[in-house]
Amino acid sequence: MSDATLNAAPSRPVRKGDHVFLIDGSSYIFRAYHALPPLSRKSDGLPVGAVAGFCNMLWKLLREANEVGVKPTHLAVVLDHSATTFRNTIYDLYKAQRPEPPEDLRPQFKLIRDAVHAFNVACIEQEGFEADDLIATYSRQAVEAGADVTIVASDKDLMQLIRPGVIMLDTMKGKIIGRDEVIEKFGVPPEKVVDVQSLAGDSVDNVPGVPGIGVKTAAQLIEEYGDLETLLARAGEIKQPKRREALQTFADQARISYRLVTLDQNVPLDTAIDALCVRPTEGERLIRFLKAMEFTTLTGRVASATGVESASVEPDPSIASARALGETAPAPAAMADTAAPATGAVAALPELHPSALAAARLGAARAPVDRSTYETVLSIDRLRDWAARATAAGIVAVDTETTSLDPMQADLVGVSLALAPGEACYIPLAHRGEGDGLFTEGLLAGQIPIRDALAVLKPMLEDRGVLKIAQNLKYDWLVLARYGIEIAPYDDTMLISYVLDAGRGAHGMDPLSEKWLGHTPITFDEVTGKGKARITFDRVPLDRATAYAAEDADVTLRLWHALKPRLVAEGMATAYETLERPMVPVLAQMERAGISIDRSILSRLSGDFAQSAAALEAEIQELAGQPFNVGSPKQLGDILFGVMGLPGGTKTATGAWATGASILEDLAEQGYELPQKILDWRQLTKLRSTYTDALPSYLNPETKRVHTSYALAATTTGRLSSSEPNLQNIPVRTEAGRQIRRAFVAEAGKKLVSADYSQIELRLLAEIADIPALRKAFRDGLDIHALTASEMFGVPVEGMPSEIRRRAKAINFGIIYGISAFGLANQLSIGREEAGAYIKRYFERFPGIRDYMEETKRICREHGYVTTLFGRRCHYPDIAAKNPSIRAFNERAAINARLQGSAADIIRRAMVRVAPALQASGLSGRMLLQVHDELIFEVPEDEVAATLPLVAGIMERAPEPAARLNVPLKVDARAADNWDEAH
DNA sequence: AAGTCTTCGTA
DNA sequence: GTACGAAGACTTC
């Protein structure tokens, strides 16, 4: 290889058999920056990690065997010239939300250009065009000339260019991307990639796409219809209404997206492709640069390959110094993220403003996730190193992998940790070979014995000086509790998101990652499969397990960096610390306790219900004159309104006959026999399928109890929700329903204690709306519904007809729900006009409540949220919707949220206080369940007398000292052998 | 096998 | 009129 200096750019036409390499420089820089450990020039701390990675890659492509197995005849590094391109004229939001590059990356862009020149390689950039468009154009020209093309990049936007003779090479993963890989990723071949992308959109580049359509659905649609235009033209044929409407509504948005993602293959090039021919490496020039960068290893390699005496070459003095670039050299991301003692660059820059550090940190947290850097920890020494670094850092993201989604049955399979964005590991502990589950091969070799690993992790996980960060910690808390580990202190990114953004989208990790990091993590389903084909996590191969698990910890840590600062900035830190975070161990302990159910009661009921339902079914079919599926609303509607021609038939939104309870009740009142029997049949089958049959299947085989799962971040108002099984909707209204409650029992020698708030939401209405008459009524312990009726209708409370009181009660509930004449009319089975008149009269008597409702709407419109008594925010982004019914719905929800949410806050405060208070009093009762305004405990018989007043007192005083209400809270508490009698 | 619609249980 | 979750029927793949 000649070392001659060739200043004039040579040129050699591209012809058949040539091989053109096009390097996507810009995206390579970003990836190298995040994938590689932060590296600073020793002499002055100039960040050079991305430059080093880039130089190594380029050297390898030029001089050594690469993955493609050929040496380039033509080669260019293609860069983005500026942020604004023709795409911004199509769509002004294109790439709009893309964050600024991190501070310690910025000075490296210029260095990369210097590097390209030092390598004597063509460096291409062109105003108004992205690197991708230039690559597309060169690629087309090369193919037309009969040459092969290798695009060195991993950006999915370039995959549309793949065709015979054109492949992509991801040097960081050492992977070639061809037609098959594209099909694997997009579900369609390269030539259809743009069609799929224009439907699915791209959150990273802010390509809108069509809402509700992801890559999977898009691929399937394109597969079926061929291309975007055909699909849009025939969108009306699509069966699924949601999908059809989305495609029709957002057709133009999809067309815009199509233009955004389609690369321009006809850019008027400033530099002809012939000029990209590979030029000889000038050893001395390159070494001058590498020495200036202080890349000693690469300098040595280049020297020996080019035969230049390295010692005789001086570093290039023109290569920028940190100071000359006018850049502060901030801490590498890994350091900025930790509470570790300031070292290196941080120590050298004491004047660096905290917000600059925060910006650098946020930049790192938002940087692309690279799964290839995660470590699989297989030795106790490596584990000790990770634990020690976590302890030194004082902060670590943690995630557990297990054999089950049910934390009460899940066995630990592995633990992942993240110390800084991109710096994460997975510690497999109980992975097995890929067996059939019956013939287990035993543990996979090489894993650290679980006891040894937990012995290393436990001190760190319980260290008061190390903040553990998790997403949905309650799950991991429950799992680790069963291994004798109690995590503390901790933060939960799901709960931080919830307290900040309740009502503004979901709080699971995948949606949060999309929203805040613009990154799509590997999904659990992708790793384990789903449905019948699902495998347990212990059968996931270690490389896939590491990519998935370490990424979860990595993403969790990045989310924490993105969200935690908002708590203070937005004034939500107290709400998080008092209403959210302390609930994790409280709920975990409740779930772990579970509740005992009496199987024999349920199985007897099941039999009874089945028999009665069968009898009813026979009568129903007799009355109908033909056999049909009574459980099918479709068939039932045909019988009632078609065959029998009953009056009052209305259609549902989808055009089917409506056969809901209220319609059947109306018919029953008119004297028809069949509808009542249907109602009875429905009740019996409902109770049987949902409760008496289903509940026993939730019995935990080890504990012989039922362990529900509470969701802390599921509702907009702050309420909990319960699932698997839902123990917040156990029947209570009818006698048949109450029999089910009798199956919830205390264990021998104990009682169930139920303590519930009496009319808490109405009391909060009186408090928040500040209605003196209502406040006084509660203070005096009056019958609030009777009083309302008396005020409205002028009837004395004494001897009031029950129907009058019933109507007033419905109005009171209506107020809490953000009353409408329509709703009240439905509830009371009266006309809209009459209901409207009631409401008018109510507001005349209680004008303060109308003012409260108007004020709530105004506040919600102004801020986009309402606030509870304790500072929780409930967001209603559609409060100002143009559509009147959507707007009215949001207004009612906002009115309700202040009350429902304040009540939810109060019971949360009580729940946090109960366990310590019981313990302080030497009582051993355990809290088992929460049903919005009710707490259920299991208490030794001889402690019941002491527990009842203690619990009631804590609940009644729960608002204090944060709020001192002018209305008393009233709690009724009772003990019995089963839930029905205690309630 | 998975997703949507309808219905119904609770506060 | 608010807030939820679960089940069966039905549709779609």
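In what follows, every chain begins at residue 1, and chains take the letters A, B, ... in the order their sequences are listed.
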Q: Round to the nearest Å and state the distance from A:L695 atom CG to C:dA7 atom C1'.
A: 13 Å

Q: Remember a base hit wins even if backbone is also touched, and classify A:I819 as base, sugar-phosphate or nothing at under 4.0 Å, heavy atoms.
A: base

**Q.** Dot-bracket notation for DNA chain C, counting Watson-Crick and G-U pairs under 3.5 Å, with | for partners on another strand
**A.** .|||||||||||.

**Q.** A:R873 with A:D501: basic N within carboxylate O range, under 4.0 Å
**A.** no

Q.
Quick check: A:Y842 with A:Y838 (ring centres under 6.0 Å apart)?
A. no

Q | Nearest-angstrom distance from the residue atom CG of A:D693 to P of B:dC8 | A | 18 Å

(Q) Taking only side-chain N and O atoms of A:R682, does any of them lie within less than 4.0 angstrom of OP1 or OP2 on B:dC8? (A) yes

Q. Less than 4.5 Å apart, any side-chain heavy atom of A:Y710 and any of A:L929?
A. yes

Q. What's the verdict on side chain to side chain contact (heavy atoms under 4.5 Å, CB included) for A:F778 and A:Q759, showing C-alpha distance, side-chain angles and the deciding distance?
A. CA-CA 10 Å; A:F778 279 122; A:Q759 294 171 325; 3.7 Å; yes

Q: Please state how far atom OH in A:Y498 lies from atom C1' in C:dA3, giving the value in whole angstrom units.
A: 10 Å

Q | A:Y876 side chain reached by A:N890 side chain, heavy atoms, under 4.5 Å | A | yes

Q. Are OP1 or OP2 of B:dT6 and a side-chain N or O of A:T652 less than 4.0 angstrom apart?
A. yes

Q) Do A:R974 and A:V753 come within less than 4.5 Å of each other through their side chains, counting heavy atoms only? A) no

Q: Would you classify A:S689 as touching base, sugar-phosphate or nothing, given that sugar-phosphate means primed atoms plus P, OP1 and OP2, and contacts are heavy atoms under 4.0 Å?
A: sugar-phosphate

**Q.** Sugar-phosphate, base or nothing in reach of A:S722, heavy atoms under 4.0 Å
**A.** sugar-phosphate

**Q.** Sugar-phosphate only, base, or nothing, as touched by A:E761 at under 4.0 Å among non-hydrogen atoms
**A.** nothing

**Q.** Flag if over 12 foreign heavy atoms under 6.0 Å of CZ, A:R534
**A.** yes

Q. Heavy atoms under 4.0 Å, any strand shown: does A:A810 hit a base, just sugar-phosphate, or nothing?
A. base

**Q.** Closest to side chain of A:N726, choosing from C:dA6, B:dT10, C:dT2
**A.** C:dA6

Q: Could you tell me whether the phosphate oxygens of B:dT10, OP1 or OP2, come under 4.0 Å of any side-chain nitrogen or oxygen in A:R733?
A: yes

Q) Which residues in residues 883-893 of chain A have at least one heavy atom lying under 4.0 Å from any atom of DNA chain C? A) A:F889, A:R892, A:A893

Q.
Which residue in the set A:R908, A:K474, A:R909 passes salt bridge (charged side-chain N to carboxylate O under 4.0 Å, His left out) when paired with A:E580?
A. A:R908

Q: Side chain of A:Y691 only, please: which of C:dG5, B:dG9, B:dT10 is the nearest?
A: B:dG9

Q. A:K686 side chain: which of C:dG5, B:dA11, B:dT10 is closest?
A. C:dG5

Q) Just wondering, more than 12 heavy atoms not from A:E855 lying within 6.0 Å of its CD? A) yes

Q. Between A:R898 and A:T867, do the side chains contain an N or O donor and an N or O acceptor separated by less than 3.5 Å?
A. no

Q.
Could you tell me how far apart A:E223 (CD) and C:dT12 (P) are, to the nearest whole angstrom?
A. 19 Å

**Q.** Neighbours of DNA chain C within residues 626-639 of chain A, by heavy-atom distance under 4.0 Å
**A.** A:N629, A:G631, A:S632, A:Q635

Q) Taking OP1 and OP2 of C:dG5, is either one under 4.0 Å from a side-chain nitrogen or oxygen of A:T715? A) no

Q. Do A:N729 side-chain and B:dG9 base share a donor-acceptor contact under 3.5 Å?
A. yes

Q. A:A661 near the nucleic acid: base, sugar-phosphate alone, or nothing, with a heavy-atom cut-off under 4.0 Å?
A. sugar-phosphate

Q. Parallel, tilted or perpendicular: which describes the rings of A:W657 and A:F641, with under 30° parallel and over 60° perpendicular?
A. tilted

Q) Which one, B:dG9, C:dG5, C:dT2, comes nearest to the side chain of A:Q683? A) B:dG9

(Q) Side-chain N or O of A:T659 versus OP1/OP2 of B:dT6: is the shortest distance under 4.0 Å? (A) no

